[in-house]
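The block underneath contains the structure these notes are about, expressed in structure tokens.
Whatever order the structure lists them in is the order used to number ligands and atoms, beginning at 1.
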Amino acid sequence: MSQPIVVIAEHAEGHPRPITYELAGFARTLQKEMQSSEITIIVIGEIIDSVAEIIARKTGLSVFAIRVPGLAGYNAEVYKNILSNVLTDWQPSHVCAAHSTQGMDFAPGLAVRLGAACITGVEAIVKQDEKICFRRAVSGGKIMADVFTDSPMVLLTILPGSFAPDPANVAAPGPVKHRMMESAPKQSFSRGIIRKSMDVSAVTEAEVIVAAGRGIGEKEHLDLIYRLASLFPKSAVGGSRIVCDQGWLDYAHQIGVTGCTVAPNLYIACGISGAIQHVSGMRGSGFVISINKDSKAAIFNVSDVCIIEDLTTFIPILIETHENRCAVSE
Ligand SMILES: Cc1cc2nc3c(=O)[nH]c(=O)nc-3n(C[C@H](O)[C@H](O)[C@H](O)COP(=O)(O)OP(=O)(O)OC[C@H]3O[C@@H](n4cnc5c(N)ncnc54)[C@H](O)[C@@H]3O)c2cc1C
């Protein structure tokens with residue numbers, strides 16, 4: 001009998017996260033490539049019946065709901081305990097988790113416990129010499145590597161935005177099986193989730209986004225970014241995660257897998273290297289201009305216009321030239 005493909009669902013507050021459907025889409029693509037294997041989606045948590053039902057209804061795939069009393073939210077220790085137990089019995093060929101904060105937290109440790117290979121940040125499935133390889137970015141996105149393993153079990157983390165979600169509302173819901181398992185964390189405990197109220201509408205609705213990366217050098221240079229953005233109607237300022245982590249911009253401005261997904265007509269990336277986690281959030285942009293002093297920056301691979309300059313000298317000249325032209329035409 002062929003080994004199953006397992007998907008680990010992500011959910012929060014009684015709802016599946018969108019990445020769960022992308023993982024199901026990935027698993028179906030893999031299933032076709034392997035011409036075998038059933039797919040089972042595992043849902044872990046305390047109150048998960050409705051999450052399991054929703055996933056089964058929307059994907060038509062088998063769902064295995066593992067109720068863990070006392071597990072109100074995500075906990076890496078519990079996930080690793082439960083999954084290593086179940087998957088040791090099942091011996092799946094592939095275990096698919098999200099390349100998210102959660103997936104990256106538990107997947108490598110789980111792979112060690114299962115004696116499985118672990119390939120993270122998968123963006124595509126490619127076949128080479130009849131072998132299935134998983135494509136992932138290396139060197140900050142400058143190089144793509146097609147990784148192959150002959151390990152009988154592989155843990156994969158899938159980059160959000162790389163695979164189309166499984167089509168919603170299939171003809172019949174998949175079967176849902178339930179099981180109760182006990183596992184209490186010994187080392188790490190959640191102290192709850194504090195949700196920050198953010199208004200992300202400025203970036204998601206803007207027609208032009210000027211985005212700042214670490215290359216702006218210091219918070220004061222954000223002034224240049226705001227001045228550049230102000231030249232365009234319906235514009236907004238976005239940022240890379242590093243810029244938000246440093247507190248230079250609020251997280252409502254963050255573009256990328258753990259920030260907003262945007263698709264403006266024009267995206268101007270200033271001092272952004274083009275890490276895949278950033279690019280996944282802006283690759284739907286109509287026209288991309290990048291300013292970076294490194295001619296090999298990965299952002300240039302997804303740009304229509306590449307400006308190899310120091311932004312602190314280039315942007316003031318650009319703004320000044322524009323203002324002079326406006327003054328002449330008045
Ligand atoms: C699970 C996970 C989720 C993540 N989610 C996100 C996300 O949602 N969004 C996101 O953005 N990142 C995310 N990241 C982080 C991501 O991997 C990168 O670290 C980040 O995007 C890099 O930000 P950056 O491009 O601003 O900085 P850097 O990578 O440091 O790049 C700075 C760039 O500026 C250029 N530069 C420097 N000085 C100048 C100058 N004077 N003029 C012009 N160019 C200059 C440099 O050549 C360089 O290319 C995530 C990472 C992980 C692991």
Side-chain angles (χ1 to χ4, degrees), residues 10 17-19 22 74 76 97-108 118-123 136-144 156-162 198 200 203-204 209-225 228 237-263 267-285 288-303 305-319:
E10 269 203 16
R17 288 212 168 117
I19 181 65
E22 293 179 30
Y74 163 79
H99 192 72
S100 60
T101 316
Q102 277 188 21
M104 287 175 62
D105 190 27
F106 75 81
C118 185
I119 304 173
T120 56
V122 173
E123 290 177 51
R136 68 187 298 270
V138 289
S139 298
K142 287 184 183 171
I143 302 169
M144 299 308 289
L156 303 164
T157 62
I158 314 304
L159 199 72
S162 302
M198 317 195 270
V200 296
V203 278
T204 51
I209 294 177
V210 182
R214 181 162 39 191
I216 65 166
E218 53 191 79
K219 188 179 179 184
E220 285 59 41
H221 285 153
L222 267 179
D223 180 49
L224 281 179
I225 306 297
L228 182 56
V237 166
S240 70
R241 178 159 127 178
I242 292 185
V243 165
C244 298
D245 281 348
Q246 280 175 318
W248 296 352
L249 279 175
D250 188 84
Y251 282 107
H253 297 262
Q254 185 183 318
I255 315 290
V257 277
T258 44
C260 304
T261 299
V262 295
Y267 192 88
I268 307 178
C270 308
I272 292 179
S273 59
I276 191 64
Q277 293 89 356
H278 184 83
V279 170
S280 335
M282 50 66 73
R283 62 173 137 211
S285 304
V288 179
I289 301 175
S290 298
I291 308 165
N292 197 305
K293 63 182 186 183
D294 175 6
S295 63
K296 294 195 173 70
I299 193 74
F300 289 148
N301 297 336
V302 292
S303 301
V305 174
C306 310
I307 299 165
I308 305 160
E309 289 288 352
D310 185 323
L311 66 89
T312 56
T313 42
F314 182 80
I315 296 177
I317 294 170
L318 181 65
I319 295 170

Would you call [X] and [Y] a side-chain contact if the rule is heavy atoms closer than 4.5 Å?
X	Y	answer
Thr312	His221	yes
Ser290	Ile272	no
Val257	Ile276	no
Gln277	His99	yes
Gln254	Leu249	no
Ile315	Cys270	yes
Leu318	Leu228	yes
Met282	Val279	yes

Determine, using heavy atoms of [X] and all atoms of ligand 1, whether some pair is separated by less than 4.0 Å.
X	result
Val257	yes
Val243	no
Gly259	yes

Problem set entry | For Gly213, the ligand 1 atoms whose distance to one of its heavy atoms is below 4.0 Å | 26 (O)
Problem set entry | Atoms in ligand 1 with a heavy atom of Asp310 nearer than 4.0 Å | 40 (C), 41 (N), 42 (N)
Please compare [options] and report which has the shortest non-hydrogen distance to [atom].
atom	options	value
atom 38 (N) of ligand 1	Gly217, Ala211, Gly103, Gly215	Gly215
atom 42 (N) of ligand 1	Thr312, Leu311, Ile299	Leu311
atom 51 (C) of ligand 1	Gln277, Gln254, Met282	Gln277
atom 25 (O) of ligand 1	Ala297, Ser273, Gly238, Gly281	Ser273

Checking a contact table here: which protein heavy atom is nearest [atom], and how many Å away?
atom	answer
atom 30 (O) of ligand 1	Arg214 NE, 2.8 Å
atom 2 (C) of ligand 1	Arg241 NH1, 3.5 Å
atom 24 (P) of ligand 1	Ser240 OG, 3.6 Å
atom 9 (N) of ligand 1	Ile255 O, 2.8 Å
atom 22 (C) of ligand 1	Ile242 CD1, 3.6 Å
atom 35 (C) of ligand 1	Asn292 OD1, 3.4 Å
atom 33 (C) of ligand 1	Gly271 O, 3.3 Å
atom 44 (N) of ligand 1	Lys293 N, 3.2 Å

Problem set entry | Proximity of Glu309 to ligand 1 by residue part, where a heavy atom lies under 4.0 Å | backbone
Seminar exercise, completed: Tested for side-chain contact (heavy atoms from CB on, under 4.5 Å) against Tyr267, the lone hit among Val302, Ile289, Ile255, Ile299 is Ile255
Problem set entry | Sub-3.5 Å N/O-N/O distance, Ala275 and ligand 1 | no
Would you name the heavy atoms of [X] and [Y] that are closest together and state the gap between them?
X	Y	value
Val243	Arg214	CG2-N, 3.7 Å
Gly238	Ile209	N-CG2, 3.9 Å
Arg136	Thr120	NE-O, 2.6 Å

